[in-house]
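Take a look at the structure below.
Proteins get letters first, then strands, A, B, ... in listed order; numbering begins at 1 in each.
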2 protein chains.
Amino acid sequence: MTKHEIGTRERIVRTTSRLLQRQGYGATGLKEISREAEATLGSVYHFFPGGKRELAVEAIRHGDKEFAEALAAWFDRVDDPGAAVIACTRELAAGLRESGWLDGCPITTAALESAGHEPDIQRAAEEAYENWRALVRDKLLRSGLTEDVARELAHTVINTLEGAEMSAQVSQSEEPLEIAGRHLARLIDSYR
Amino acid sequence: MTKHEIGTRERIVRTTSRLLQRQGYGATGLKEISREAEATLGSVYHFFPGGKRELAVEAIRHGDKEFAEALAAWFDRVDDPGAAVIACTRELAAGLRESGWLDGCPITTAALESAGHEPDIQRAAEEAYENWRALVRDKLLRSGLTEDVARELAHTVINTLEGAEMSAQVSQSEEPLEIAGRHLARLIDSYR
DNA sequence: TACTGGATAGAGCGTTCGTTCTAGCGGCGT
DNA sequence: ACGCCGCTAGAACGAACGCTCTATCCAGTA
């Protein structure tokens, strides 16, 4: 195991993140995780003594960071905020289609499942949405919108993207995301 | 069992719908369903020989009809479409808060879980979203919007409501729904 | 060479899963 | 009064669940 390869722990987290994204918390077993990650059950419990719950929290944090980095990159490439949101919807639609409509939002499925039952997971998901909203808000602030308008728009941008991605996944169609992009751009433009 | 009481089958479907809404497909067991519904496992398999999958499809259709009726009632009470959507967000927020943030969208959790794995459930969820969009589209058509604009707005109205409700549930706050209502009304008004 | 401690390996714990099965209840039509 | 049948009841099956346990491996240190 040379140092430039990814370690067992990281491999377990990434595998868990992908499985949580695709089939949720309840339907994902630890044995399935260890098999997919090419690690043993012993390794899983070695790195995550808290078991499935602790591992899921770590995986959601991973999905959080992953999507935040993608969002930041897309925003850096396009200056106009409306156009940047449209670019987001295109990227999300492409990723969804290319994965065979399997890879939607990395955390939403687990977040919904565990709302009200698994406080740790729910909190990790809440923090992720907060991080993503902050990225959108800053982008809107940089384009000259006021603090209040930017903060509220950030809510709706993230929530509409979430809803549209869910709808696109269920209907296996890019249309909901494409429409969402145009509507969000129009809404943002209406505040300038 | 007099005829004006609800029968065992209906009781099983309603219980399944509520459990699917609260904890998803994978985390809901048939024994839990039969216990909560005060029915036996034999009754469950008597009415739903197709087992868990068939029962879940029926429960999602139940949730579909339930929400469609609520949506139609809210739309009938308020004439202006923007104001009607705001009324929707208020009702959704109230329902969410009153249930202790447990009862979000009746079908989204199961829909996301089963996307790509359970075609029957995915299709039932897709049909539900389609029905709800049709209600929104008709409401917008009645207020004078063109066919194309109404159809596309219906997508975003439903998707934004879905995303905002999910966000409200995870953060245990009515704010995302309240913001979504105002933004959607503004978006709708911008087309008249 | 001997020791140590992090990491790996996998058998096995009790429990619950979805499902199948047979037996029995109870009200209706004849 | 009888037989039938929709429905209820719950035991039991193999498989999978989360988790615990002991044994082994192996690089680093003295």
Side-chain angles (χ1 to χ4, degrees), chain A residues 1-20 22-60 109-110 113-114 117-122 124, chain B residues 1-20 22-60 109-110 113-114 117-122 124:
Chain A
M1 180 89 48
T2 54
K3 69 173 65 142
H4 62 278
E5 300 178 23
I6 67 174
T8 303
R9 195 194 131 99
E10 183 72 9
R11 218 165 52 245
I12 292 172
V13 170
R14 292 191 195 184
T15 301
T16 306
S17 177
R18 201 185 64 239
L19 289 174
L20 247 47
R22 296 194 172 192
Q23 50 193 26
Y25 181 75
T28 300
L30 283 183
K31 290 186 171 132
E32 183 183 13
I33 289 173
S34 68
R35 195 191 328 119
E36 291 277 318
E38 296 181 278
T40 63
L41 209 47
S43 300
V44 173
Y45 276 97
H46 171 74
F47 289 112
F48 305 96
K52 192 184 186 184
R53 190 177 291 117
E54 180 185 348
L55 176 52
V57 168
E58 205 64 31
I60 285 179
T109 308
E113 263 183 296
S114 57
H117 309 280
E118 298 278 359
D120 296 346
I121 299 177
Q122 181 171 352
Chain B
M1 182 88 47
T2 54
K3 69 173 65 141
H4 62 277
E5 300 179 24
I6 68 173
T8 303
R9 195 194 130 100
E10 182 73 8
R11 217 166 53 244
I12 292 171
V13 170
R14 291 192 196 184
T15 302
T16 306
S17 177
R18 200 186 64 238
L19 289 174
L20 248 47
R22 295 193 173 194
Q23 50 192 28
Y25 181 76
T28 300
L30 282 182
K31 286 176 177 149
E32 183 182 13
I33 289 173
S34 69
R35 195 191 329 120
E36 291 278 318
E38 296 182 280
T40 64
L41 213 43
S43 302
V44 173
Y45 275 96
H46 170 76
F47 289 111
F48 306 96
K52 192 184 186 183
R53 189 177 290 116
E54 179 184 348
L55 175 53
V57 168
E58 205 64 32
I60 285 179
T109 309
E113 263 182 296
S114 57
H117 310 280
E118 298 277 359
D120 296 346
I121 298 177
Q122 182 170 352

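- When rounded to the nearest whole Å, the span between CD1 of B:I12 and P of D:dC7 equals 11 Å.
- Across all non-hydrogen atoms, the minimal contact from B:R9 to B:F48 is NH1-CE2, 3.6 Å.
- As rounded to whole Å, 17 Å separates atom C1' of C:dG10 from atom CD of A:E38.
- An OP1 or OP2 oxygen of D:dC7 is reached within less than 4.0 angstrom by no side-chain nitrogen or oxygen of B:T40.
- Going from atom CZ of B:R35 over to atom P of D:dG10 covers 14 Å, rounded to whole Å.
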Along nucleotides 19-29 of chain C, 5' to 3', which nucleotides get a B, which get an S, and which get a -, given that the test is a protein heavy-atom distance under 4.0 Å? BB---------

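- A straight line from CD of A:E10 to P of C:dA7 spans 15 Å, rounded to a whole angstrom.
- Interatomic distance, OG1 of B:T40 versus CD1 of B:I12, reported as 7.5 Å (0.5 Å rounding).
- Applying the salt bridge (Lys or Arg N to Asp or Glu O under 4.0 Å) test to A:R35 and every residue at least two apart in sequence or in another chain returns nothing.
- B:T28 and B:Q23 form a side-chain donor-acceptor contact under 3.5 Å, judged by distance and modelled atom types alone.
- Checking the phosphate oxygens (OP1, OP2) of D:dT8, a side-chain nitrogen or oxygen of B:T8 falls inside 4.0 Å.
- A salt bridge links B:R53 with B:E118: the closest approach of a Lys/Arg side-chain nitrogen to an acidic carboxylate oxygen falls below 4.0 angstrom.
- Between A:T15 and A:I33 the shortest heavy-atom distance is CG2-O, 4.0 Å.
- Residue contacts shown for B:T28 are limited to sugar-phosphate atoms, with no base heavy atom under 4.0 Å away.
- A straight line from NE2 of A:H46 to C1' of C:dA9 spans 13 Å, rounded to a whole angstrom.
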